[in-house]
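Worksheet: the structure to be examined is printed underneath.
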Amino acid sequence: EGAAVSEVEASEGVVLSCVSKATTDLVCETTLQGEELQAEVVEIVERTSDTKSFLLFFENPQYKTFEPGQFITIGPVINGKKNFRCYSISSSCENNDHIEITIKRQKKGVVSNYFNDSVKVGDKIPAKNPSGHFKLDTSGDDDLILVGCGSGITPLISMIRSLTQMQSQRKIRLLYGCRAEGDIIF
């Protein structure tokens with residue numbers, strides 16, 4: 001069931017997946033291309049009882065260049081099958097030694113549960129270049145109001161960390177919602 005798209009977009013099969021519900025089995029095709037490299041997990045930080053941050057090191061400097069708000073696509077092999085998932089980057093774009101992703105466990109989340117239960121420091125994880133159009137123009141000077149809930153905080157934290165490291169003079173207001181105090185990730 002689609003939502004929040006024009007009739008023309010709907011006729012072309014476009015959906016806004018974050019507010020859509022699949023009612024049958026479906027096949028997703030991606031336009032994400034690019035070289036796949038191995039990222040080494042160099043640190044794991046437990047954020048809440050069901051959320052961890054994974055600091056990933058890439059030898060290729062191209063993978064360390066991103067804009068705050070973007071995501072990376074990871075493709076771990078789980079039970080003999082490659083599973084691609086996209087996770088927002090939560091680290092500062094000014095940090096050149098790693099990329100941090102933060103993953104919340106999901107009830108039926110094959111990849112999120114794999115990461116939270118099985119991934120260890122030293123593991124190698126296949127990943128693709130940072131990507132995505134939801135990004136912050138760090139050269140701007142407008143003040144910001146950022147709004148997020150739950151694990152939706154991750155791209156916003158990247159924006160806040162980046163601007164802070166850049167010593168930006170922009171005022172940032174963050175409105176953040178969670179179900180309970182124990183769910184506050186950062």
Side-chain angles (χ1 to χ4, degrees), residues 1-5 9-10 13-32 36 38-57 66 68-91 98-135 146-161 174-186:
E1 298 172 359
V5 295
E9 290 171 318
V14 173
V15 297
L16 186 58
S17 61
C18 63
V19 293
S20 299
K21 179 181 174 185
T23 57
T24 63
D25 289 344
L26 56 113
V27 174
C28 296
E29 295 179 9
T30 179
T31 58
L32 298 176
E36 187 176 287
Q38 297 293 310
E40 180 179 352
V41 178
V42 294
E43 185 178 349
I44 301 172
V45 179
E46 190 164 334
R47 299 289 182 188
T48 69
S49 63
D50 63 356
T51 306
K52 293 179 182 177
S53 288
F54 299 84
L55 283 68
L56 308 175
F57 174 79
F66 66 92
Q70 289 189 302
F71 63 87
I72 62 169
T73 302
I74 57 173
V77 176
I78 304 168
N79 297 326
K81 180 181 176 196
K82 185 164 275 204
N83 292 267
F84 288 102
R85 296 292 183 277
C86 300
Y87 289 101
S88 293
I89 299 170
S90 50
S91 51
H98 71 270
I99 284 180
E100 177 181 334
I101 57 175
T102 303
I103 301 177
K104 179 180 174 70
R105 175 185 307 282
Q106 301 296 320
K107 275 186 184 175
K108 295 182 180 180
V110 174
V111 176
S112 67
N113 291 334
Y114 171 76
F115 263 80
N116 277 277
D117 295 337
S118 303
V119 171
K120 296 174 184 50
V121 170
D123 286 357
K124 304 279 189 188
I125 305 295
K128 294 187 177 189
N129 279 337
S131 187
H133 300 289
F134 177 68
K135 51 192 174 186
L146 305 175
V147 181
C149 295
S151 61
I153 188 77
T154 55
L156 307 181
I157 285 296
S158 176
M159 294 174 184
I160 293 168
R161 287 174 167 175
L174 174 65
L175 303 175
Y176 178 54
C178 289
R179 293 179 189 197
E181 189 174 339
D183 294 332
I184 297 173
I185 296 174
F186 295 98

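Any value given below was found using the heavy atoms of this structure, including those in side chains, with hydrogens, waters and symmetry copies removed.
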To the nearest 0.5 Å, how far apart are OG in S91 and NE2 in H98? 5.0 Å

Any donor-acceptor pair under 3.5 Å linking the side chain of T102 with the backbone of S53? no

salt_bridge(K82, E36) N-O dist < 4.0 Å: yes

Can you find a heavy atom in the side chain of P130 that is under 4.5 Å from one in the side chain of F71? no

Value rounded to 0.5 Å, distance of CD in E100 from CG in L55: 4.5 Å

Report yes if the side chains of T73 and R85 come closer than 4.5 Å at any heavy-atom pair, otherwise no. no

Note, Q106 side chain near K104 side chain (heavy atom, < 4.5 Å): yes

I'd like to know if the side chain of D123 reaches the main chain of K120, judged simply by a donor and an acceptor atom lying under 3.5 Å from each other, with no hydrogens or angles considered. yes

Passes side chain to side chain contact (heavy atoms under 4.5 Å, CB included), V121 versus V42? Steps please. CA-CA 5 Å; V121 170; V42 294; 5.6 Å; no

If you round to the nearest 0.5 Å, how far is CG of L56 from CD1 of I72? 5.0 Å

When rounded to the nearest 0.5 angstrom, what distance separates CG in L174 from CE in M159? 11.0 Å

Could you tell me if the side chain of T48 sits less than 4.5 Å from the side chain of D183, heavy atoms only? no

Parallel, tilted or perpendicular: which one describes the rings of F54 and F115, with boundaries at 30° and 60°? perpendicular

Identify the heavy atoms of G152 and P155 that sit nearest to each other, and give their distance. O-CD, 3.4 Å

Over all atoms of both residues, closest heavy-atom pair of I44 and K52: CG2-CD, 3.9 Å

Distance check, rounded to the nearest 0.5 Å: L146 atom CG versus I153 atom CD1? 8.0 Å

Does a side-chain N-to-carboxylate-O contact under 4.0 Å join K124 and E40? yes

Any side-chain heavy-atom pair of V111 and I78 under 4.5 Å: yes

SG-CD1 distance between C178 and I184, expressed to the nearest 0.5 angstrom: 5.5 Å

For the pair Y176 (side chain) and G150 (backbone), establish whether a donor and an acceptor sit closer than 3.5 Å, ignoring hydrogens and angles. yes

Is the Lys NZ or Arg CZ of K128 less than 6.0 Å from the centre of F84's six-membered ring, within 45° of the axis? yes

May I ask you to test the V45-R47 pair for a side-chain heavy-atom distance under 4.5 Å? yes

Do S158 and F66 touch side chain to side chain, with heavy atoms closer than 4.5 Å? yes

Do you know which of D117, N116, T51 makes side chain to side chain donor-acceptor pair (under 3.5 Å) with R105? D117

Tell me the closest heavy-atom pair linking I89 and I101, and the distance in Å. CA-CG2, 4.4 Å

For a 4.5 angstrom cut-off between non-hydrogen side-chain atoms, does Y87 reach I103? yes

